[in-house]
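To start, the structure itself, in structure tokens.
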Amino acid sequence: MKTLRNGITRILNGLAGLSFIAMVVLTCWQVLTRYVLKNPSTWSEELVGYLFAWMSLLGASIVTCERGHMNIPIIVERFSKTVQKGLNCFGEIVAFLFSVVILVYGGIKITTLAMGQMTSSLGVPIGIFYIVLPLCGILNMIYTVLNIVDILKNQTEEKEAV
């Protein structure tokens, strides 16, 4: 399971990094065409916006992998280890349900709907850029299941050590 997690995370880090590099290059191109060539590139500005959304959602999946999503540890830490494990699992289940309903289901709906609309400058279906929603939803679902397994595995390891 650790190799699966590391493999997916490595790919996500690469995609987020490539997206960031592409955004920097395209923004520099935008500045060059606007101020030096006096003929602004409209397509690069639009693409940077979509790449930013992709990078943000891919980054959110990386945060889910690292269990860095929002929580209130000061409250959880007041309970026993068993209750902490239960609360941690509950948090992962909530993240899983969010991923299923909002990212996967909602993402598929909006992607399908947006395939009929074209971007103004790039001339490609907007749905192409919305594919990241269900993709990240599936990745988040995988990560939350792996997180729950890790939480429960740590609980059994602690019981065996006692």
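Heads up: numbering here begins at 1 and tracks the sequence.
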Approximate separation, where rounding is to 0.5 Å, of [X] [atom1] and [Y] [atom2]:
X    : Y    : atom1 : atom2 : value
I142 : T64  : CD1   : OG1   : 12.0 Å
I75  : E77  : CD1   : CD    : 10.5 Å
I8   : N13  : CD1   : CG    : 12.0 Å
L57  : L15  : CG    : CG    : 12.5 Å
L4   : T9   : CG    : OG1   : 8.5 Å
L135 : I138 : CG    : CD1   : 6.5 Å

More than 12 heavy atoms of other groups within 6.0 Å of L37 CG
yes
Could you pull out the closest heavy-atom pair between [X] and [Y], with the gap in Å?
X    : Y    : answer
Q30  : P40  : NE2-CB, 4.3 Å
M141 : S99  : CG-CB, 3.8 Å
L58  : A16  : CD1-N, 4.2 Å
N147 : E92  : ND2-OE1, 3.1 Å
S19  : M55  : OG-CB, 3.6 Å
M115 : P125 : O-CB, 3.5 Å

Quick check: do [X] and [Y] have side-chain heavy atoms less than 4.5 Å from each other?
X    : Y    : answer
E45  : L26  : no
W43  : W29  : yes
R67  : N88  : yes
V100 : Y105 : no
T144 : F98  : no
P134 : T111 : yes
N39  : R34  : no
C89  : L152 : yes

Does [X] share a hydrophobic cluster with [Y], counting links as ILVMFWY side-chain heavy atoms below 4.5 Å and allowing steps through other members?
X    : Y    : result
V94  : L97  : no
I148 : F90  : no
I128 : L113 : no
I21  : I62  : no
L18  : V25  : no

Please determine whether a side-chain nitrogen of the Lys or Arg among D150 and R5 lies less than 4.0 Å from a carboxylate oxygen of the Asp or Glu.
yes
Check the pair L87, F79 against side chain to side chain contact (heavy atoms under 4.5 Å, CB included), reporting the backbone distance first and the verdict last.
CA-CA 9 Å; L87 290 172; F79 294 103; 3.7 Å; yes
Evaluate side chain to side chain contact (heavy atoms under 4.5 Å, CB included) for L51 paired with F129, printing each intermediate quantity in order.
CA-CA 8 Å; L51 287 174; F129 298 106; over 6 Å; no
Can you name the side-chain contact (heavy atoms from CB on, under 4.5 Å) partners of I126, sequence neighbours left out?
Y50, A114, Q117, T119, Y130
